Structure formats: C-alpha cells, structure tokens
Amino acid sequence: MLDDIDAQLSELKVTPEERAVIVKPWVGMIRADFFFLFSRVVREFATLKASDLTAKVLATQSREAREAEMAHSALITQWFTETNNFGAIERLETRSLSTVINEYLPVKGGWLSDRELAAFATFERELVRLNDDCAKRGGYTAEAADYYDRYKERQNDKEMAKTTCGRRRGSHRGPRLYLEVVWPVSGG
C-alpha cells in the first residue's frame, strides 16, 4: 500500500520534503506503537518477576527469599509510581524512541538487575532499529509490520512476557532472545 501511495505522490510531483511532512504523523504513530510494546513487556516482566519471588517465599519460607521479595516490592512500587503518568506521547513528539525508552526504564540499581537492564537495552536497540527503518520508509517496513503484528495484542502480553523471560522456547525473533538467558523463570 505504501508503494502505491509513493507512486501517487510521485505522479503529483511531491518533493521529498513535502512527503516527509505528509508521513510525519504516521511515523509518529509507529514510534508510539514500538514504545508501548516495549513498556508492556517491561511491566509484564515486572509482574512475572514479582510472582516468581513470591513463589520462592512460599516454597522456601526463608528469610532471604522474603527479604528479596520485600526489596523488590519497594523498588517496583517506586518505579510504578514514577511511570504511572509518564506522558509517553508528549515525550515522543520531541524526543527519540531510544531517549524515551531510557527515561522509562528503571535506573541502575533499581528493580532490574544489571543483566536484565542489558537485556532490555538489546530489546530497545531492536525496536529502535525497526523504528528507524520505518521512519526512513515513511511507514511500516515488512519486517517491522510482521514483528509488531506478532506482539501487538494486549491479550498476548502475558504469553509474550513468559516467552521473553524464557518460560517457552520458540524459533521466532523477538524479545525472548534478549531475556531468556538473563532471568530464567521457574514453572510455565
């Protein structure tokens, strides 16, 4: 479809500068799509991590497990409070996808370990690459559309986060590749 639109714009002798103005809102929506995909995976990962820590407390009844759960709870509560009214759309209007993702992620020493932060940084780079390719094209590339279509549905968030955390193995590319070895989740 984008090729058809480009052909029509070419026939109308629309300049590259004019085309950039025409596609700007579409490119902005794609950037928002990728941000919200990222944020949902992070939030679902937080839920799975908290569930795993709670399960460990129940299974072991150890003081160490209880302290780890309490520490995580304090850190995650603070982060959820800070990101609850994040204003992603407004930020994405004036900042890059990478910048907004980095503003959204917990700080080093927060509820994500260094390895988990590194895994999310890799996931971020994948989304930024896909987004940049879309921005150059002025719309979704075939690769980005396939990727986004695979992960966009909210009802799939929990399954996607389980896959991301290594509960399920699959042959597809996606967030799973970055986190499965970082924080293996029991069960599943």
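All values reported here derive from a predicted model rather than from experimental measurement.
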Task: F34 and F38 aromatic centres sub-6.0 Å - done: no
Task: Heavy-atom closest pair, residues W26 and G138 - done: CD1-O, 3.1 Å
Task: Shortest non-hydrogen contact between P106 and L117, atoms and distance - done: O-CD2, 3.7 Å
Open item on the list: For Y151, is there any backbone N or O sitting under 3.5 Å from a side-chain donor or acceptor partner on R40?
Closed with: yes
Open item on the list: If the condition is salt bridge (charged side-chain N to carboxylate O under 4.0 Å, His left out), which residues does E18 pass it with, not counting sequence neighbours?
Closed with: none
Open item on the list: Filter on ring-ring contact (aromatic ring centres under 6.0 Å, His included), then keep only pairs touching residues 85-105, sequence neighbours left out; what's left?
Closed with: F35-F86, F35-Y104, W79-Y104, F86-Y104
Task: Separation of T47 OG1 from D52 CG (nearest 0.5 Å) - done: 12.5 Å
Open item on the list: Under a 4.0 Å threshold between the charged nitrogen and the carboxylate oxygen, would R150 count as salt-bridged to D146?
Closed with: yes
TODO: Determine the minimum heavy-atom distance between V27 and G139, stating which atoms define it.
DONE: CG2-N, 4.5 Å
- [ ] Measure across R31 and R95 and return the closest heavy-atom pair with its distance rounded to 0.1 Å.
- [x] NE-O, 4.2 Å
Open item on the list: I'd like to check the salt bridge (charged side-chain N to carboxylate O under 4.0 Å, His left out) partners of K108; sequence neighbours left out, ordered by chain and number.
Closed with: D114
TODO: Taking the side chain as every heavy atom from C-beta outward, state whether L37 and Y147 have any atom pair closer than 4.5 Å.
DONE: yes
Task: Considering all heavy atoms, the nearest F36-A88 contact - done: CZ-CB, 3.8 Å
Open item on the list: Is any side-chain heavy atom of E126 closer than 4.5 Å to one of L130?
Closed with: yes
Task: By side-chain contact (heavy atoms from CB on, under 4.5 Å) - contacts of S98 (at least two apart) - done: S96, N102, E124, V128
TODO: Identify the two heavy atoms, one from F45 and one from L112, that lie closest to each other, and give their separation to 0.1 Å.
DONE: CE2-CD2, 3.6 Å
Which atom pairs, donor and acceptor, lie under 3.5 Å between side-chain atoms of residues 63-76 and protein residues at least two apart or in another chain?
| from | atom 1 | to | atom 2 | distance (Å) |
| --- | --- | --- | --- | --- |
| E69 | OE2 | T54 | OG1 | 2.7 |

- [ ] Verify the cluster assignment for I101 and V107: are they in a single hydrophobic cluster under the rule of side-chain heavy atoms below 4.5 Å apart?
- [x] no
Open item on the list: My understanding is that only residues two or more places apart in sequence, or in another chain, count here; which of them pass salt bridge (charged side-chain N to carboxylate O under 4.0 Å, His left out) with D133?
Closed with: R129
- [ ] First locate atom CG of N131, then atom OG1 of T141, and finally report the distance between them rounded to the nearest 0.5 Å.
- [x] 10.0 Å
Task: Distance (rounded to the nearest 0.5 Å) between Q78 CD and T83 OG1 - done: 10.5 Å
- [ ] Following the transitive rule for hydrophobic clusters with a side-chain heavy-atom cut-off under 4.5 Å over Ile, Leu, Val, Met, Phe, Trp and Tyr, establish whether M29 and V100 coincide in one cluster.
- [x] yes
- [ ] Would you give the length of the straight line joining atom CD of E93 to atom NZ of K24, rounded to the nearest 0.5 angstrom?
- [x] 8.5 Å
